[in-house]
Number of protein chains: 2
Amino acid sequence: MTQDAFSETLITTASDQVFVDMRREIVEGSIEQGSKISEPELAKRYGVSRATLREALNRLESCYLVERKANVGCRVVALTAERLIEVYQVRSALEGLACRLAADNMAPDEVQSLKQLLNQHLQTQRVKEGESYYQEAGDLDFHFRIIKGSKNEHLIHLLSNGLYQLIRMYRVQMGMVGPRVSKAFDEHLAIINAIENHDGELAELLMKRHISASQANIQAKFDLLAAQKKAAQ
Amino acid sequence: MTQDAFSETLITTASDQVFVDMRREIVEGSIEQGSKISEPELAKRYGVSRATLREALNRLESCYLVERKANVGCRVVALTAERLIEVYQVRSALEGLACRLAADNMAPDEVQSLKQLLNQHLQTQRVKEGESYYQEAGDLDFHFRIIKGSKNEHLIHLLSNGLYQLIRMYRVQMGMVGPRVSKAFDEHLAIINAIENHDGELAELLMKRHISASQANIQAKFDLLAAQKKAAQ
DNA sequence: TTACTACGAATTGTCGACAATCTTAAAGAA
DNA sequence: TTCTTTAAGATTGTCGACAATTCGTAGTAA
């Protein structure tokens, strides 16, 4: 029984393992977006029965990575520009809330630890100059800590088990390693300061802006890729 | 193949039917909150195999009505005061967003139809004087229409398939038929006016307030019931 | 050629049985 | 007595097979 990195999923059963594996493959694009999922084929590939695979598919559906139709089957979700907007609208509202709650509920040592993490990121960033570390794992870590700091279990579940896998999927598959690294760092700093001052209103506002900027960044990348794709035809 | 009233669930398979039936029983309290669910027992009761039942349980889990632990089993969610607060914090953020979006995206005829519905509610209310109709179905209908008016599919799914069943569970089991009926009507009117004027900011604010009031109302009932329960011991 | 129908292959939904795990209760040791 | 250990019982997880439905194809008629 191990624990998964990207959500607090305890891996105890075979279907847990298949769920986590498939999730990784979908997020990273090994299993192509929009592609149909054949139950018999994948069951054989993961070495489990169809019942076990279907259990995993059910859970992938609840985090919006696949879509099912009765008697038809399962498809990996398709990353469209429209859906990106929808997801980020929801994310902004929820993570804004998380930030406001965190300003009230985060323990002082949690805040200190988060500030320390930011400093550490700054060091790493200076050395590696635009290395993808910060943008990927570091940014995720920052957001997760604030989400947890809200102490709202329902909200935490909704974001970390629900939305974030889909958001990661966009980021990974769009290849987000842009020039937003240093800007994002400053924004993170401002947010944590607001939280430290228990200024929930400001923290919420800053987080919403931060997320809007992130959305704009991904959207630009999306349009760029779409244009390249069109030119290649 | 029929359609379910409380979410756009198309009932095609046996597990669909079990899912909808169980959901109703849990929301209404026929299946007691906090109680353990025995797979063999319920499978027999619904006349399906365990596989089919488990499929339904998976979906009940994704709308937060049951909780599962690996190798241990399934429990109906317990309605606590803490959870009520958490859920309403999330609801307020999401439905506030829905309202803001609806102010931009709702079609004029949808707005008119909603105003008409409100008038109809007013008539009914005058006749039946505090009858539970408005509080239950009418209020739900109002909120659902605005949620749909946001045109954000992800948000719509999150609210109608996710949160609202849990919210209904609180309302039904707390026996919400209070004196908020007329007040709620006025609040609804103000909200739809803001939407009609495309004033998203105001609409969001009003909706958040409306939901806060609703939360306070349920919370009061919750405390009352808790006090009665304590006195009875 | 085009549209419709009917058939067959493949896929999904459902079932009953077996294996792995947890829970309960009894038995034994400190 | 109280705590630990162990074994039986029950419950969940997993499997392979069968039934129901869908999708593609070939064939027929207009």
Side-chain angles (χ1 to χ4, degrees), chain A residues 1-4 7-23 25-26 31-32 34-63 65-78 161, chain B residues 1-4 7-23 25-26 31-32 34-63 65-78 161:
Chain A
M1 177 157 99
T2 60
Q3 187 169 1
D4 174 52
S7 63
E8 286 99 47
T9 315
L10 285 174
I11 300 170
T12 48
T13 68
S15 66
D16 287 336
Q17 187 66 57
V18 174
F19 167 63
V20 171
D21 288 348
M22 281 194 72
R23 191 178 64 186
E25 292 201 66
I26 290 176
I31 301 179
E32 201 174 12
S35 66
K36 174 138 190 343
I37 286 177
S38 159
E39 292 184 7
E41 182 190 325
L42 275 191
K44 208 170 77 179
R45 178 163 145 211
Y46 285 106
V48 295
S49 78
R50 267 184 60 223
T52 304
L53 184 92
R54 281 167 66 87
E55 177 88 22
L57 288 180
N58 273 320
R59 292 163 65 185
L60 287 170
E61 188 184 17
S62 27
C63 52
L65 294 181
V66 308
E67 288 163 350
R68 302 183 82 181
K69 274 184 194 167
N71 288 316
V72 174
C74 226
R75 282 197 168 283
V76 179
V77 73
N161 288 57
Chain B
M1 177 157 97
T2 58
Q3 187 169 1
D4 174 52
S7 63
E8 288 99 47
T9 316
L10 285 174
I11 300 170
T12 48
T13 68
S15 65
D16 287 336
Q17 187 65 56
V18 174
F19 166 64
V20 171
D21 288 348
M22 279 192 73
R23 191 177 64 185
E25 293 201 64
I26 290 175
I31 301 179
E32 200 173 13
S35 65
K36 176 140 188 347
I37 286 176
S38 160
E39 292 184 7
E41 182 189 326
L42 276 192
K44 208 170 78 180
R45 178 163 145 211
Y46 286 106
V48 294
S49 79
R50 267 185 61 224
T52 304
L53 184 90
R54 281 168 66 87
E55 176 87 21
L57 289 180
N58 273 320
R59 293 162 65 184
L60 288 170
E61 188 184 16
S62 29
C63 53
L65 294 181
V66 307
E67 288 164 349
R68 300 182 83 181
K69 276 184 192 166
N71 287 314
V72 174
C74 227
R75 279 197 170 283
V76 179
V77 74
N161 288 56

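A note on names: the letters A, B, ... follow the listed sequences, proteins ahead of strands, and every chain is numbered from 1.
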Counting just side-chain N and O atoms, does A:T52 come under 4.0 Å of either OP1 or OP2 of D:dC15? yes

Choose from C:dT14, C:dT12, C:dC15 the nucleotide whose nearest atom is closest to any side-chain atom of A:E39. C:dT12

Whole-Å distance, B:E61 CD to D:dT12 P, equals 14 Å

Derivation and outcome, salt bridge (Lys or Arg N to Asp or Glu O under 4.0 Å), residues B:E61 and B:K69: CA-CA 11 Å; B:E61 188 184 16; B:K69 276 184 192 166; over 6 Å; no

Rounded to whole Å, please give me the gap between CG in A:N71 and P in D:dC23. 9 Å

Value in whole Å for how far the C1' atom of D:dT14 lies from CG of A:L57: 15 Å

DNA chain D: B:C74 or A:G47, which has the more 5' nearest nucleotide? B:C74

Given C:dT14, is OP1 or OP2 found less than 4.0 Å from the side-chain N or O atoms of B:S15? yes

Interatomic spacing from OH in A:Y46 to CD in A:Q17 - rounded to 0.5 Å: 10.0 Å

Selection from C:dT14, C:dT12, D:dT14 that lies nearest to any side-chain heavy atom of B:A14: C:dT14

Nearest-Å distance, OH (A:Y46) to P (D:dC15)? 15 Å

Consider the side chain of B:V72, meaning its heavy atoms from C-beta on, and name the nucleotide among D:dT22, D:dC15, C:dT23 that approaches it most closely. C:dT23

B:S49 has its side chain closest, among C:dC15, C:dT23, D:dA17, to C:dC15

Considering every strand and a 4.0 Å limit on heavy-atom distances, what is the contact class for A:I37: base, sugar-phosphate, or nothing? sugar-phosphate

Could you work out which one of C:dT21, C:dT23, C:dT12 sits closest to the side chain of A:K36? C:dT12

Closest listed nucleotide, where the reference is the side chain of B:R54 and the choices are D:dC23, C:dG13, D:dG13: D:dG13

Figure out the CD/C1' separation between A:E55 and C:dT14, and round it to whole Å. 15 Å

Side chains of A:R23 and A:L65: closer than 4.5 Å at any heavy-atom pair? yes

How close or far is atom P of C:dT12 from atom CZ of A:R75, stated in whole angstroms? 11 Å

Count the heavy atoms of every other residue, nucleotide or ligand shown that sit under 6.0 Å from NZ of B:K36, and state whether that count exceeds 12. yes

With rounding to the nearest 0.5 Å, note down the distance linking CD1 in B:I26 to CG in B:D21. 11.0 Å

Please give, in whole Å, the distance from C:dT14 P to B:L53 CG? 12 Å

Tell me the interatomic distance from A:E41, atom CD, to C:dT12, atom P, rounded to whole angstroms. 10 Å

